[in-house]
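The chains referred to below are lettered A, B, ... by the order of the sequence lines, with proteins before strands, and numbering in each begins at 1. Values below: every heavy atom of this structure, side chains too, minus hydrogens, waters and symmetry copies.
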Amino acid sequence: MDRGGDRVSRENETGEVEGTPSTGGDLVQSRRENLDALRSAGVDPYGDSYDVTHHAGEVHGRVDEMEGEEVSIAGRVTAVRSHGKVTFMDLEDLGGQVQLFLRKNDLGDDKYDLLEHVDLGDVLGARGTPFRTRMGEPSIRVEDFRVLSKCLNPLPEKYHGLTDVDLRYRRRYVDLMVNRESRDVFVTRSRIVSAMRRFLDDRGYLEVETPMMATIAGGATARPFVTHHNALDMKLYLRIATELYLKRLIVGGMERVYEIGRVFRNEGISTRHNPEYTLLELYEAYGDYHSMMDLTEDMISSLAEEVLGTMQVEYRGETIDLRPPWRRLSMVEALMEHGVDIRAWSDDGDARRDAARLGVAVEEGVTRGKIIDELVEELVLPGLIQPTFLLDHPVDISPLAKRKLDDPEFTYRFEPVIAGMEIGNAFSELNDPEEQRRRFEEQMAQRHRGDDEAHVMDEDFLTALEYGMPPTGGLGIGVDRLVMIFTDSDSIRDVILFPLMRPRIQEMDSEEGIDSSTIES
RNA sequence: AGGCCGCUAGCUCAGUUGGCAGAGCACCUGACUCUUAAUCAGGGUGUCCAGGGUUCGAGCCCCUGGCGGCCUACCA
């Protein structure tokens, strides 16, 4: 039959040509028509503020005690089941969802007919009284509703949701809209960070902010992003750590400081690495790495208890028990368990032979400590599922950590490991300015041998140490990775709202913004 | 950076040996005053990632490129 004809009956002042029915390929078109229809019915489809008294989840959960009360809620329409003169809708807000029960008798003909122009995904405000339907479903008998915002784009399928990972990251707003699990992850993330602040605030730590852009990118061994300041005509680096500034504050007498902030590392992207990530760093005057271990296990287990209600979390099918005390395992012991006796190495050749024997690739010219680090990472790390402090790192890969008094080739340093993932880094801070200078010089030497991740010299930091920094314990925690464990996420991108993605061609900035200095290598 | 895999309707996915482009949901038309992955009747809405090539004929085969995922490498 000719479909073009009866199609036009429906509200078509757009001058639709016969043969090109409005139902054409464009799903957006029918939504635009509904938008226009609302406008011509005198309804502003992008309405004014709405007086919200309750959340959907609250009504859903307490429907029996709320019966007869008047409530008004607002959220997105996620399902419509129309039965002629009665319509059911699911309305979803951040906290949950509840069913709307809309009847022609209750709303009147004109209002009820507006439902014709409500699409899946529209933001709706509804006022009415909670009750249970005959099927027992907690619902709101709606007396009045308003379209608060029109959704012009079609939503992903209700059953499978949005699973295309690329789209989930690029259009996070859609992901958040339709995938409750995704929303839950970010709510949890927010709770973790705020609980973290409370934990530290309660213990007398001061939250501070230090420069994100500086002329030296120190505090870690990593390649920085480079940018340029026009007025001063100088090169600036985006920070790779907050360490050296926070320690200057300890010198200044601030005693206990922390910063939760983004750091930027110009390195690879993977399921465990995003170029910008959130780092908690804290420093405590008069502490050391033992007090930092106590603090770490105390903090992380408390966060789990507070945010998740348990200290035993499920991660990738394993139950991880965060209750203190955590296992403490030195690097030397750890390798010994894998049949590597680093005490028996008489020179670097022995180290290389052991690495080769175990099939661990080691670059030419790297230091002995680096070889130990690689062996641990390769052999030990993947097996450390339960929380473990991996401790006493070699001195040459720990330029800011204090040397062990009884074993000067190693340092008072540890990395907390959970589920085979390094989630932090901590040490008794090196506070001897002369020793620090020698360490920096050694790093510079490595740099000249081609290691462009080696630490750079920071004269002002040395000057600060010369004023005297108290013995200090310092700790860094990779917040994203911690969130991964708390939310059972296998990719860091699942816990970062907008992870870095290569731009789609049409999103490329043609004028300025992207130039060689920000996308090098 | 290297290797492997993927890209088909708004979404989730099929697509045989190279022979008219498919399903479910969504959407459109109609029915329905207690449904809930509502149901019933009817309708397929497409730059098969892009550009070349082979072929009578390409979603499928070949080449180049784009984007993504996983693994390896670097790192936390």
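Residue A/Thr163 places no side-chain atom within donor-acceptor reach of the base of B/rU12, judged by atom type and a 3.5 Å distance cut-off alone. Between the side chain of A/Asp90 and the base of B/rU36, no donor-acceptor pair under 3.5 Å is found. On a pure distance criterion of 3.5 Å, no polar donor-acceptor pair joins the side chain of A/Glu137 and the base of B/rU35.
For the side chain to side chain contact (heavy atoms under 4.5 Å, CB included) with A/Leu124, the lone residue among A/Ile73, A/Val142, A/Leu115, A/Leu91 that qualifies is A/Leu91.
Summary of the strand contacts: A/Leu162 and A/Lys85 both lie near RNA chain B, and taking for each the nucleotide with the nearest heavy atom, the more 5' one is attributed to A/Leu162. Comparing A/Ser491 and A/Glu377 against RNA chain B, the residue whose closest nucleotide sits nearer the 5' end is A/Ser491.
The side chain of A/Lys158 places no N or O atom within less than 4.0 Å of a non-bridging phosphate oxygen (OP1 or OP2) of B/rG10. Within the structure, every side-chain polar atom (N or O) of A/Ser30 is placed at least 4.0 Å from both OP1 and OP2 of B/rC27. A sub-4.0 Å separation between OP1 or OP2 of B/rA38 and a side-chain N or O of A/Arg81 is present. The phosphate of B/rG68 has OP1 or OP2 within less than 4.0 Å of a side-chain N or O from A/Arg170. Contact between the side-chain N/O atoms of A/Arg272 and the OP1/OP2 oxygens of B/rA76 is not found at any separation under 4.0 Å.
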| task | Step by step, work out the side chain to side chain contact (heavy atoms under 4.5 Å, CB included) result for A/Met292 and A/Glu284. | result | CA-CA 9 Å; A/Met292 288 298 109; A/Glu284 180 177 323; 3.7 Å; yes
| message | Apply side chain to side chain contact (heavy atoms under 4.5 Å, CB included) to residues A/Phe145 and A/Arg127 and explain how you reach the verdict. | response | CA-CA 6 Å; A/Phe145 72 86; A/Arg127 182 175 56 76; over 6 Å; no
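For the C1' atoms, the distance from B/rG43 to B/rA26 is 14 Å, rounded to whole Å. Between B/rC20 and B/rG57, the distance separating the two P atoms is 15 Å to the nearest Å. Atom name P, nucleotides B/rG22 and B/rC48: the rounded distance is 14 Å, in whole Å. As rounded to the nearest Å, B/rC25 and B/rG66 have P atoms that lie 39 Å from one another. Across the P atoms, B/rA58 and B/rG53 are found 12 Å apart, a figure rounded to whole Å. Nucleotides B/rG24 and B/rG42 place their P atoms 12 Å apart, quoted to the nearest Å. B/rA14 sits 10 Å from B/rU8 when the C1' atoms are compared, rounded to a whole Å. Spacing between B/rG46 and B/rA23 at atom P, rounded to whole Å, works out to 14 Å.
Electrostatic pairing of A/Arg132 and A/Asp64 counts as a salt bridge here, judged by a charged N lying under 4.0 Å from a carboxylate O.
With no hydrogens or angles considered, no side-chain donor-acceptor pair links A/Arg141 and A/Thr129 at under 3.5 Å.
Across all strands shown, the partner of B/rC13 is B/rG22, judged by Watson-Crick or G-U wobble contacts whose two distances both fall under 3.5 Å. Across all strands shown, the partner of B/rG68 is B/rC5, judged by Watson-Crick or G-U wobble contacts whose two distances both fall under 3.5 Å.
With its ring centre under 5.5 Å from that of the base six-membered ring and a plane angle below 30°, A/Tyr277 counts as stacked on B/rA76.
Rounding to the nearest 0.5 Å places NZ of A/Lys85 at 14.5 Å from CG of A/Asp106.
Counting non-hydrogen atoms under 4.0 angstrom, A/Asp490 reaches nothing in the nucleic acid.
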